[in-house]
Amino acid sequence: MRNIAAKCIEKVLQFYYATRRPETPTWAKSVVYGALLYFVSPIDVIPDFTPVFGYVDDLGVIIAALITISFYINDETREKAREKRQSWFGN
């Protein structure tokens with residue numbers, strides 16, 4: 001469970017760092033903000049406290065948004081997200 005949560009957090013961090021880039025257009029930032037709002041929303045399709053399945057819908061939304069804005073997530077963005085996840089969760 002911890003590994004799944006860490007991977008989700010890393011994707012969220014990629015979104016964050018992608019929105020900080022001036023090259024990322026407003027429409028792509030809107031997609032990111034919508035996915036992040038869903039990720040932290042207390043009203044969720046499957047509650048996160050449900051073992052394993054609680055994160056499946058969150059991961060699906062994040063993956064869909066990631067695919068949508070993947071062009072704006074570069075190597076620097078991925079590296080920043082990975083480093084931050086490692087500082088929070090370790091390897």
Side-chain angles (χ1 to χ4, degrees):
M1 291 301 283
R2 181 182 168 149
N3 190 33
I4 292 171
K7 289 296 182 181
C8 285
I9 296 295
E10 185 173 335
K11 297 303 179 195
V12 170
L13 288 167
Q14 287 180 8
F15 289 170
Y16 170 76
Y17 291 121
T19 61
R20 308 303 297 163
R21 293 182 62 218
E23 300 85 9
T24 305
T26 303
W27 70 265
K29 291 178 183 181
S30 297
V31 169
V32 170
Y33 296 142
L36 292 176
L37 283 173
Y38 182 81
F39 185 73
V40 298
S41 172
I43 301 170
D44 208 339
V45 175
I46 302 172
D48 291 339
F49 59 82
T50 306
V52 180
F53 297 108
Y55 291 105
V56 172
D57 61 325
D58 295 331
L59 187 59
V61 169
I62 289 171
I63 288 171
L66 182 61
I67 290 168
T68 302
I69 66 154
S70 63
F71 182 75
Y72 303 102
I73 296 177
N74 61 9
D75 290 336
E76 179 185 353
T77 304
R78 285 185 196 90
E79 183 63 24
K80 286 180 182 179
R82 187 185 61 76
E83 288 173 0
K84 182 58 80 174
R85 179 194 48 87
Q86 285 181 340
S87 74
W88 290 348
F89 292 92
N91 290 333

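Values below: every heavy atom of this structure, side chains too, minus hydrogens, waters and symmetry copies. Residue numbers start at 1 and run along the sequence shown. Values in this document were obtained by computation on a predicted structure and should not be read as measured data.
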(message) In this structure, would Phe71 and Ile73 fall into the same cluster of hydrophobic residues linked by side-chain contacts under 4.5 Å?
(response) yes
(request) Check side-chain contact (heavy atoms from CB on, under 4.5 Å) between Gln86 and all other residues, then give those that pass, not counting sequence neighbours. (result) Arg82, Asn91
(request) For residues 59-76, pull every pair meeting salt bridge (charged side-chain N to carboxylate O under 4.0 Å, His left out), keeping only residues two or more places apart or in separate chains. (result) Asp75-Arg78, Glu76-Lys80
(message) Are more than 12 heavy atoms, taken from residues, nucleotides or ligands other than Arg21, located less than 6.0 Å from that residue's CZ atom?
(response) yes
(request) Assess whether atom CZ of Phe89 is packed by more than 12 heavy atoms of other residues, nucleotides or ligands within 6.0 Å. (result) yes
(request) First locate atom CD1 of Ile69, then atom OG1 of Thr24, and finally report the distance between them rounded to the nearest 0.5 Å. (result) 7.0 Å
Donor-acceptor contacts, no H, no angles, side chain residues 6-19, under 3.5 Å, sequence neighbours left out:
residue : atom : partner : partner atom : Å
Glu10   : OE1  : Arg85   : NE           : 2.4
Glu10   : OE1  : Arg85   : NH2          : 3.4
Thr19   : OG1  : Tyr16   : O            : 2.6

(message) Please determine whether residues Ile62 and Trp27 belong to a single hydrophobic cluster, defined as Ile, Leu, Val, Met, Phe, Trp and Tyr linked transitively by side-chain heavy-atom distances below 4.5 Å.
(response) yes
(message) Are more than 12 heavy atoms, taken from residues, nucleotides or ligands other than Lys29, located less than 6.0 Å from that residue's NZ atom?
(response) yes
